[in-house]
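Here's the structure we're looking at; comments come further down.
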Protein chains: 2
Amino acid sequence: MKISQKGLYALQALMMLTRRYNQGAIRIRDIAYEESLPEKFLELILLELKNARIVESARGAKGGYQLRRPPDEIRLSEIIRLVDGPLAPFGDAEQLRGLITRDADHRALYQVFLDVRDAAAKILENTTLADLMTKPGAGPARRSSKKKGEASVVPLMVHAGGKEGHD
Amino acid sequence: MKISQKGLYALQALMMLTRRYNQGAIRIRDIAYEESLPEKFLELILLELKNARIVESARGAKGGYQLRRPPDEIRLSEIIRLVDGPLAPFGDAEQLRGLITRDADHRALYQVFLDVRDAAAKILENTTLADLMTKPGAGPARRSSKKKGEASVVPLMVHAGGKEGHD
DNA sequence: AGAATCCCTATCGAACTAATAGGCATTGTA
DNA sequence: TACAATGCCTATTAGTTCGATAGGGATTCT
């Protein structure tokens, strides 16, 4: 899965709307200004988020955007899938399962791809917009999702190579 | 991280060379035929793998390609980084660490991105070409890397949504 | 000498990405 | 009721990436 510039903008805009949750409609212009995003491009993104029922809009003067659901009910996986497609590094989960079943020669390879997508999905399904809110004074970030009967998963000590592992 | 068609071809070609390990040089044409890959495109890929010292070539008649190191010393992470770039879903690990440090407003978001890349890295660093070899008769695949003093990590029961979780 | 094979650079069309443009529709307010 | 503010929507564009092909040069075996 690759997160595009557009995907990043979407997430940033939604973080902004999360901060302003319950404060009524926010103008595109204000979101763009506060998050330093290209206004016209953001307009397109918000339209897409609206069609996906993640945000809602008010038109005309005093119009603007706001979240349609509480921030702790909007998962990062949902947004990323919408804007940037499947979480799998190749194809999508369904396709990979098919290949694992049918392509005996490359089964093990596709299984690794599926493992990677599952690991990403686990993180992104369990992180909501609410989890991204950091208190202004707070130090190094660490988040947790609890509410609404969801399993809280803390990704503790996940690190690959040595202490110094680039990419 | 997104694995391109080219990346998949590279991995497939290397799996083929793993099967033929210690059997001398294999012609591009034979690899292409056996794995059903476009020959000319594969040529480019192998050239790149050669420059990265993953495979070595012999030129002239009786020429061809072979792995330059034993299959259990070639990690999927190395190949994917070479062909498709950083494992992170956005930017690279170093850049993400910088953003987490400096961009207070979006720190938590970038931390999630880094968590995702760490999860992917963990899997891909711990899987080698040797791990992808399945016995011809064997059923559902499961692999493990042991040799050369590496920590063997079995990604057990990693699954996101419900039983039926597409992408 | 000649055939086989890898080496290398160039090129191509299709698709995707990030962004901009501009007119239409709706709504609050003077 | 006008009009200004704002979102809605479609089109367009320049630049990049992707997947693939082409072809001549260099090397090595027989």
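The chains referred to below are lettered A, B, ... by the order of the sequence lines, with proteins before strands, and numbering in each begins at 1.
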Using a 3.5 Å cut-off and no angle test, enumerate the donor-acceptor pairs between side-chain atoms of residues 42-67 of chain B and protein atoms at least two apart in sequence or in another chain.
residue : atom : partner : partner atom : Å
B/Glu43 : OE1  : B/Lys40 : NZ           : 3.2
B/Glu48 : OE1  : B/Lys6  : NZ           : 3.0
B/Asn51 : ND2  : B/Leu47 : O            : 3.3

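One distance of note links CG of A/Asp84 with CE of A/Met1; it measures 9.0 Å at 0.5 Å rounding. Rounding to the nearest 0.5 angstrom, the gap separating the CG atom in B/Leu132 from the CZ atom in B/Arg19 is 10.5 Å.
Atom OH of B/Tyr21 has more than 12 heavy atoms from other residues, nucleotides or ligands within 6.0 Å.
A/Asp92 meets the side chain to side chain donor-acceptor pair (under 3.5 Å) test with no other residue; sequence neighbours excluded. Under the rule for a salt bridge (Lys or Arg N to Asp or Glu O under 4.0 Å), B/Asp103 has no partner lying at least two apart in sequence or in another chain.
The nearest whole Å value for the distance from the CD atom in B/Glu39 to the C1' atom in D/dT21 is 12 Å. The nearest whole Å value for the distance from the CG atom in A/Leu49 to the P atom in D/dG7 is 14 Å. Atom NZ of B/Lys2 and atom C1' of D/dC18 are 10 Å apart (whole Å).
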Kindly give the atom pairs (protein nitrogen or oxygen, nucleotide nitrogen or oxygen) under 3.5 Å for nucleotides 8-11 of chain D.
residue : atom : partner : partner atom : Å
D/dC8   : OP1  : A/Lys50 : NZ           : 3.2
D/dC8   : OP1  : A/Ser57 : OG           : 2.5
D/dC8   : OP2  : A/Tyr65 : OH           : 2.1
D/dC8   : N4   : A/Glu43 : OE2          : 2.8
D/dC9   : N4   : A/Glu43 : OE2          : 2.7

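Residues of residues 9-23 of chain B having a heavy atom closer than 4.0 Å to DNA chain D, listed by number: B/Tyr9.
Read 5' to 3', the first and last nucleotides of DNA chain C with an atom closer than 4.0 Å to a heavy atom of chain B are C/dA4 to C/dT9.
Residues B/Thr128 and B/Asp72 have side chains that never bring a donor and an acceptor to within less than 3.5 angstrom of each other.
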